[in-house]
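Note that the coordinates shown come from a computational prediction; the quantities given were computed from them, not determined experimentally.
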Amino acid sequence: MIKEYKTISEVAGPLMLVRNVENVTYDELGEIVLPSGETRLCKVLEINGSDVLVQLFESSAGINLKESTVRFLGKGTQLGVSPEMLGRVFDGMGRPMDGGPEIIPEKRLDINGLPMNPAARDYPAEFIQTGVSAIDGLNTLVRGQKLPIFSGSGLPHAELAAQIARQAKVIAGESNFAVVFAAIGITYEEADFFASDFRRTGAIDRTVMFMNLANDPAVERIATPRMALTAAEYLAFDLGMHVLVILTDITNYAEALREVSAARKEVPGRRGYPGYLYTDLATMYERAGRKRDQAGSITMIPILTMPEDDKTHPIPDLTGYITEGQIILSRELYRKGIKPPIDVLPSLSRLKDKGIGKGKTREDHADTMNQLFAAYARGKECLELMTILGEAALTDVDLLYARFSQEFEKRYVNQGYETDRSIEETLDIGWELLRLLPRSELKRIKDELLEKYLG
């Protein structure tokens, strides 16, 4: 028997205080029933004796303190999961928003998930092809990895996210590949862009989308990435699929967390974010990975916009500690018209060595990657010297390096958002660029590989 309470004592913005409550737990869901019969969802945030502080999922407008009743449902937020989720679009709370029928769930899962036993984790070791040369060739994504994209306000991370979601595949067994895409706190235009892009290219058929719009409540924004990860865990560990989870934008998630924390009058940490921001982000990011003796895997690409392009801001800073590298978008390359504007030098995939080489990509991958990095870095230095001292101050070899770095940006990084390159095409373009340099400069590549591929 669910007990009903008519003891609402005050409402302040999204928060509501209910007195004389019994046997209620943290994070438990509740329903507020208005005199009109309308129901609104809420969630327990804090328990102090018999007083319970709840957060509303919707507006507090129209709640009559004396006449409205509250009942607690004895469970946390859950998501009904089923194979029918693929190809569907849901809102931030897991309700269909594509005009299709309700999902008939095979089971209901708590969205907070169960922590993965560290001893049961398997090491990420298999290449995922995104079709983007700057990622596949130089900062390789590996199955089970967490590889965030650090962007800036106004940079085209939405286009890059859509491109990766469309193109990503596991080379072996690609039919068993799915994408879970969660858009957090985005505008209606962005939501429409993602939905129409996925439908246009047919990528929607293997995708589960969760859309939380900017005008949705902050507490729903906190639930959205957890909804997406719960769906991903079901597809990966119950159905044995390889799942790529794309979360955009983690900055909007952290802002919602700060908003809720301020409403609860918690002591703020760095830049006003709650002191538990690191722990909270870790509970999401660490749900990615592979389990021993299980076919499925979860690979995660969280996307975040760095406020004021500041890498030391708490959100990118803490994300960098938890995840295995980062892909950084450059405003300078964006102004040059490079698409996607990925800055390969400060970008890093800490697990790239585990997913490349003979039998995974190609035997020449590691050597060409190191040589391209070195040549591009030197070419950038030569271009800076040319700007300061003039072209006459550079040696003939330095001029070749300067030309190499310009060609590298034009032909390797700049591929547009519709081009899907196989790893072989990416490696071949790398060799074409290395032919601009004298053979004596290619010191990072084994002689037998130079004989075979340089031509």
Side-chain angles (χ1 to χ4, degrees), residues 127-142 145-152 155-157 159-161 163-164 167-168 301 303-304 306 309 311 316 319-320 323-356 361-362 364-384 400-417 419-434 436-437 441-442 444-445:
F127 172 66
I128 287 184
Q129 181 176 293
T130 64
V132 179
S133 290
I135 297 175
D136 292 349
L138 301 175
N139 293 292
T140 314
L141 179 65
V142 180
Q145 185 178 4
K146 308 175 284 290
L147 186 64
I149 294 174
F150 289 3
S151 181
L155 293 182
H157 49 269
E159 287 85 346
L160 181 58
Q163 182 178 17
I164 293 170
Q167 297 178 177
I301 299 183
I303 298 172
L304 56 92
M306 300 179 286
D309 292 2
K311 276 183 278 201
T319 295
T323 55
E324 292 114 11
Q326 69 279 332
I327 303 293
I328 296 181
L329 300 192
S330 156
R331 209 169 283 283
E332 182 192 344
L333 291 178
Y334 177 60
R335 289 194 189 109
K336 286 185 189 175
I338 305 289
K339 300 174 185 177
I342 295 173
D343 195 347
V344 297
L345 293 180
S347 297
L348 169 70
S349 168
R350 293 192 181 100
L351 300 180
K352 64 188 172 192
D353 297 336
K354 309 295 177 212
I356 63 174
T361 52
R362 208 167 74 183
D364 57 320
H365 192 155
D367 285 12
T368 52
M369 175 177 71
N370 293 333
Q371 190 66 65
L372 286 168
F373 265 125
Y376 180 51
R378 182 164 168 192
K380 295 260 285 186
E381 286 172 11
C382 294
L383 282 172
E384 285 172 21
L400 285 175
Y401 273 109
R403 185 178 158 225
F404 171 89
S405 80
Q406 291 170 323
E407 289 295 315
F408 177 83
E409 286 174 4
K410 271 188 221 160
R411 290 165 57 188
Y412 195 94
V413 182
N414 183 34
Q415 66 177 75
Y417 299 112
T419 308
D420 184 2
R421 287 181 184 162
S422 69
I423 185 62
E424 288 78 14
E425 285 176 79
T426 292
L427 292 170
D428 290 345
I429 292 167
W431 279 109
E432 282 172 32
L433 290 165
L434 291 173
L436 297 172
L437 300 172
E441 292 294 316
L442 307 181
R444 293 168 186 264
I445 303 178

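Smallest separation of non-hydrogen atoms from Y417 and Q167: O-OE1, 4.3 Å. Here the shortest heavy-atom pairing between S405 and L383 reads OG-CD1, 3.0 Å. Scanning both residues, L329 and S151, for their nearest heavy atoms gives CD1-OG, 3.7 Å. For the pair L138 and K352, the tightest heavy-atom approach, listed with the atom from each and the gap, is O-CD, 3.5 Å. Closest of all the heavy-atom pairs between G337 and N414 is O-OD1, 3.8 Å. Between L160 and P340 the shortest heavy-atom distance is CD1-CB, 4.0 Å.
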Determine, step by step, whether L348 and Q326 satisfy the side chain to side chain contact (heavy atoms under 4.5 Å, CB included) criterion, reporting the C-alpha distance in whole Å, the side-chain angles of both residues, the deciding distance to 0.1 Å, and the verdict. CA-CA 5 Å; L348 169 70; Q326 69 279 332; 3.9 Å; yes
Could you walk me through whether I445 and D364 pass the side chain to side chain contact (heavy atoms under 4.5 Å, CB included) test, one step at a time? CA-CA 8 Å; I445 303 178; D364 57 320; over 6 Å; no
Run the side-chain hydrogen bond (donor to acceptor under 3.5 Å, both in side chains) check on S133 and R421 step by step: do they pass? CA-CA 7 Å; S133 290; R421 287 181 184 162; 2.8 Å; yes
Would you check, one step at a time, whether the test side chain to side chain contact (heavy atoms under 4.5 Å, CB included) holds for I301 with L141? CA-CA 9 Å; I301 299 183; L141 179 65; 3.9 Å; yes
With side chain to side chain contact (heavy atoms under 4.5 Å, CB included) as the test, would you mind laying out the steps for K311 and I328 before giving the verdict? CA-CA 10 Å; K311 276 183 278 201; I328 296 181; 3.8 Å; yes
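Interatomic distance, CD1 of I303 versus CZ of F150, reported as 11.5 Å (0.5 Å rounding). Residue T319 holds its OG1 atom at 11.0 Å from CE of M306, rounded to the nearest 0.5 Å. For the atom pair OG1 (T130) and CG (L147), the distance works out to 9.5 Å, reported to the nearest 0.5 Å. A distance of 8.5 Å separates OG1 of T140 from CD of Q145, quoted to the nearest 0.5 Å. Between atom CD1 of residue I423 and atom CG of residue D136 there is a gap of 5.0 Å, rounded to the nearest 0.5 Å. Atom CD1 of residue I338 and atom CZ of residue F408 lie 10.5 Å apart, to the nearest 0.5 angstrom.
Counting heavy atoms of neighbouring residues, nucleotides and ligands inside a 6.0 Å radius, atom CZ of R362 exceeds 12 of them.
Residues L434 and F404 form a side-chain contact, since some pair of their non-hydrogen atoms from C-beta on lies under 4.5 Å apart. Between T361 and T426, the closest side-chain pair of non-hydrogen atoms is not below 4.5 Å.
Screening residues 329-346 for side-chain hydrogen bond (donor to acceptor under 3.5 Å, both in side chains), with sequence neighbours left out, gives D309-R331, K336-E409.
Ion pair R378/E441 flagged as a salt bridge, since at least one NZ, NE, NH1 or NH2 atom sits closer than 4.0 Å to an Asp/Glu carboxylate oxygen.
For Q415 (side chain) and G131 (main-chain N/O), a donor-acceptor pair under 3.5 Å exists by modelled atom type. In this structure a side-chain-to-backbone donor-acceptor pair under 3.5 Å is present from Q371 to R444. In this structure, the side chain of E425 engages the main chain of S422 through a donor-acceptor pair within 3.5 Å. A donor-acceptor pair is defined here as one N or O able to donate and one able to accept, closer than 3.5 Å; no such pair exists between the side chain of Q406 and the backbone of G379.
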